[in-house]
A.B. asks: 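Below is one structure. I have some questions about it.
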Amino acid sequence: MLIHVLGSGAGGGFPQWNCNCHNCNRLRKGNFKGQARTQSSIAASTNGTDWVLFNASPDILGQLQHFPAIQPGRALRDTGIRGIVLLDSQIDHTTGLLMLREHHRPLDIYCTESVHQDLTTGNPLFKVLEHYCTVNWHPLQLPQGDAPGEGFQVEGIEGLRLTPVPLRSEAPPYSPHRHNYHVGDTIGLWLEDPATQKSLFYAPGLGQIEDHVLSLMEKADCLLIDGTFWTEDEMERAGITQKRATEMGHLPQSGQGGMISVLAPLTSPWKILIHINNTNPILDEESLERAQLEAAGIEVAFDGMDIIL
Ligand code: MLT
Ligand code: MN
Ligand code: ZN
């Protein structure tokens with residue numbers, strides 16, 4: 001399978017338009033060793049022409065322009081996008097759908113009932129799209145509890161098997177499920193390519209390492225997982241907001257029980273962090289925190305990164 005990282009930043013991207021934190025400020029002034037990042041989304045393919053998107057970021061138009069393989073140019077109106085899987089209903093993962101409204105047929109969108117509910121009420125993108133290309137919703141089934149849902153395939157993406165994995169993270173502020181967890185508010189995706197027998201676990205919003213999540217992480221060939229914050233109180237320390245990482249549904253990297261310690265005993269997977277917030281010191285390639293990650297064998301996704309499995 002081919003994975004292309006369209007965007008690797010968290011909500012707001014890097015630099016964030018109104019932010020003058022230690023990272024954003026230095027990047028703007030050209031005094032920073034590290035890259036700008038758009039808001040997180042990836043594309044997957046098995047043939048290099050037909051792609052499934054995972055989330056649709058508000059930065060999608062620029063992301064597609066920087067990725068010529070997704071525009072095969074076979075007709076006056078064309079795209080290599082065969083379907084879109086939404087992992088939650090957050091603004092940074094969904095509002096790019098509006099930018100795809102010129103599609104010449106309904107958008108094939110795969111998401112849970114809970115995400116569908118938010119996208120027809122609090123964040124009514126599907127309602128808006130009814131006036132344009134419309135949406136062909138493919139419901140993702142999840143049993144109650146923590147068992148993975150049924151595996152599915154996106155039409156046109158030959159072979160790639162996708163399985164939704166329920167995650168305890170956080171529904172967005174406009175959701176009736178905010179601070180009131182329901183199965184399906186946030187999912188991760190287990191991707192398997194039978195042709196290569198390789199697997200990837202994609203989870204940009206990972207609030208807790210539940211047992212079923214850990215078992216998947218142990219057997220994955222590649223992990224592309226939540227790298228939002230370095231510390232639990234990172235936003236507070238930066239003087240931005242008192243919201244804590246776990247309150248927002250993100251497990252920080254440092255500290256006891258943090259992502260670095262969770263990943264340490266896992267010997268087989270390729271470990272990559274994605275959905276990096278602009279306040280996170282790991283964005284600075286010369287930081288001690290980035291050196292700590294490197295020493296732990298953990299990479300940081302960047303816009304345009306290709307992962308071949
Ligand atoms: C999050 O990941 O917690 C959200 O995307 C934050 C936001 O975009 O407001
Ligand atoms: Mn986000
Ligand atoms: Zn910033």
Side-chain angles (χ1 to χ4, degrees), residues 5-32 34-42 53-60 63 85-98 111 114-115 118-119 122-123 125 167-175 177-179 181 185-189 202-208 224-253 259 273-284 287 289 301 303:
V5 175
L6 293 164
S8 55
F14 177 52
Q16 180 175 309
W17 68 282
N18 64 344
C19 189
N20 291 299
C21 74
H22 192 52
N23 286 341
C24 292
N25 188 32
R26 286 184 302 147
L27 183 77
R28 253 184 230 108
K29 290 189 170 140
N31 174 22
F32 185 86
Q35 294 181 26
R37 281 172 167 80
T38 60
Q39 295 166 89
S40 73
S41 171
I42 65 170
L53 295 190
F54 295 89
N55 295 326
S57 124
D59 302 316
I60 193 165
Q63 294 174 341
V85 182
L86 300 175
L87 282 74
D88 56 50
S89 60
Q90 299 271 1
I91 287 176
D92 60 341
H93 289 162
T94 60
T95 48
L97 292 175
L98 294 180
C111 68
S114 191
V115 168
D118 286 347
L119 296 181
N123 177 17
L125 301 176
L167 299 178
R168 277 184 187 268
S169 186
E170 258 311 328
Y174 40 79
S175 171
H177 296 173
R178 179 74 164 179
H179 303 320
Y181 171 72
D185 292 342
T186 307
I187 58 167
L189 251 293
Y202 180 49
L206 196 51
Q208 292 176 32
L224 191 53
I225 52 176
D226 194 330
T228 313
F229 297 116
W230 179 255
T231 44
E232 170 68 5
D233 60 352
E234 183 167 315
M235 302 272 262
E236 192 175 352
R237 280 188 204 203
I240 294 169
T241 148
Q242 292 191 341
K243 277 189 194 168
R244 300 178 82 83
T246 43
E247 189 192 329
M248 295 174 72
H250 300 295
L251 181 75
Q253 284 107 55
M259 194 64 89
L273 301 179
I274 191 165
H275 189 277
I276 321 297
N277 198 56
N278 55 74
T279 48
N280 193 328
I282 64 173
L283 288 170
D284 179 348
S287 66
E289 292 85 351
D303 292 20

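As the structure lists them, so they are numbered: ligands from 1, and atoms in each ligand from 1.
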A.B. asks: Would you say the side-chain atoms of Asn278 pair up with the backbone N or O of Gly13, donor to acceptor, closer than 3.5 Å?
C.D. replies: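 Yes; at least one donor-acceptor contact below 3.5 Å.
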A.B. asks: With side-chain hydrogen bond (donor to acceptor under 3.5 Å, both in side chains) as the criterion, how do Glu170 and Thr186 come out once you've worked through the C-alpha distance, each side chain's angles and the decisive distance to 0.1 Å?
C.D. replies: CA-CA 7 Å; Glu170 258 311 328; Thr186 307; over 6 Å; no
A.B. asks: Return the closest protein heavy atom for atom 1 (C) of ligand 1 as residue, atom name and distance.
C.D. replies: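 In this structure, atom 1 (C) of ligand 1 has His250 NE2, 3.3 Å as its nearest protein heavy atom.
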A.B. asks: Identify which one of Gln39, Arg37, His275 satisfies the side-chain hydrogen bond (donor to acceptor under 3.5 Å, both in side chains) criterion when paired with Ser8.
C.D. replies: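 The residue from Gln39, Arg37, His275 that satisfies side-chain hydrogen bond (donor to acceptor under 3.5 Å, both in side chains) with Ser8 turns out to be Arg37.
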A.B. asks: Return yes when Ile91 approaches ligand 1 closer than 4.0 angstrom through a heavy atom, no otherwise.
C.D. replies: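 Per 4.0 Å heavy-atom rule, Ile91 does not contact ligand 1.
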A.B. asks: Check whether any side-chain N or O of Arg178 sits under 3.5 Å from a backbone N or O of Ala171 as a donor-acceptor pair, and report yes or no.
C.D. replies: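 Yes; at least one donor-acceptor contact below 3.5 Å.
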A.B. asks: Side chains of Ser41 and Asn55: is there a donor and an acceptor less than 3.5 Å apart?
C.D. replies: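 On atom types as modelled, these side chains do not qualify, holding no pair under 3.5 Å.
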A.B. asks: Please check this pair: side chain of Glu232 against backbone of Thr246, looking for a donor-acceptor N/O pair closer than 3.5 Å.
C.D. replies: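 Yes, the answer is positive, given that a donor and an acceptor are paired below the 3.5 Å cut-off.
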A.B. asks: At what distance, to the nearest 0.5 angstrom, does CD of Glu289 lie from CG of Asn280?
C.D. replies: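 If I round to the nearest 0.5 Å, the distance is 8.0 Å.
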A.B. asks: As an exercise, identify every atom of ligand 1 less than 4.0 angstrom from a heavy atom of Asp92.
C.D. replies: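 Under 4.0 Å from Asp92, ligand 1 has these atoms: 5 (O), 8 (O).
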A.B. asks: Report the nearest protein non-hydrogen atom to atom 4 (C) of ligand 1: residue, atom name, distance rounded to 0.1 Å.
C.D. replies: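 Heavy-atom neighbour on the protein nearest atom 4 (C) of ligand 1: Gln90 OE1, 3.4 Å.
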A.B. asks: Under 4.0 Å, heavy-atom basis, I'd like to know which part of His275 is in contact with ligand 1: side chain, backbone, both or neither.
C.D. replies: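 Near ligand 1, His275 shows its side chain, while the N, CA, C and O stay back.
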A.B. asks: Would you mind running through ligand 1 and noting each atom that sits below 4.0 Å from a heavy atom of Met248?
C.D. replies: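 Counting atoms of ligand 1 from 1, those under 4.0 Å from Met248 are 3 (O).
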A.B. asks: So with a 6.0 Å cut-off around CD1 of Ile91, is the heavy-atom count from everything else above 12?
C.D. replies: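 No, the 6.0 Å shell around CD1 holds no more than 12 heavy atoms from other groups.
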A.B. asks: So, Asp284 and His22: side-chain donor and acceptor under 3.5 Å apart, yes or no?
C.D. replies: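 Per modelled atom types, Asp284 and His22 side chains form no pair under 3.5 Å.
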A.B. asks: Decide yes or no on side-chain hydrogen bond (donor to acceptor under 3.5 Å, both in side chains) for Ser169 and His250, but give the supporting numbers first.
C.D. replies: CA-CA 7 Å; Ser169 186; His250 300 295; 5.2 Å; no
A.B. asks: Give the residue, atom name and distance (to 0.1 Å) of the protein heavy atom nearest atom 8 (O) of ligand 1.
C.D. replies: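 Answer for atom 8 (O) of ligand 1: Gly11 CA, 3.5 Å.
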A.B. asks: Could you name all protein N, O or S atoms found under 2.8 Å from the Mn ion (ligand 2)?
C.D. replies: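 Checking every protein N, O and S atom gives Asp92 OD2, His275 NE2.
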A.B. asks: Kindly indicate whether the side chain of Leu6, heavy atoms from C-beta on, has any atom under 4.5 Å from the side chain of Thr38.
C.D. replies: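 SC-SC contact between Leu6 and Thr38 ruled out.
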A.B. asks: So, taking the atom named OG1 in Thr228 and the one named CE in Met259, what distance separates them when rounded to the nearest 0.5 Å?
C.D. replies: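 One gets 8.5 Å once the value is rounded to the nearest 0.5 Å.
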A.B. asks: Sort by chain and number the protein N/O/S atoms found under 2.8 Å from the Zn ion (ligand 3).
C.D. replies: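 Correct list: Cys19 SG, Cys21 SG, Cys24 SG, Asn278 OD1.
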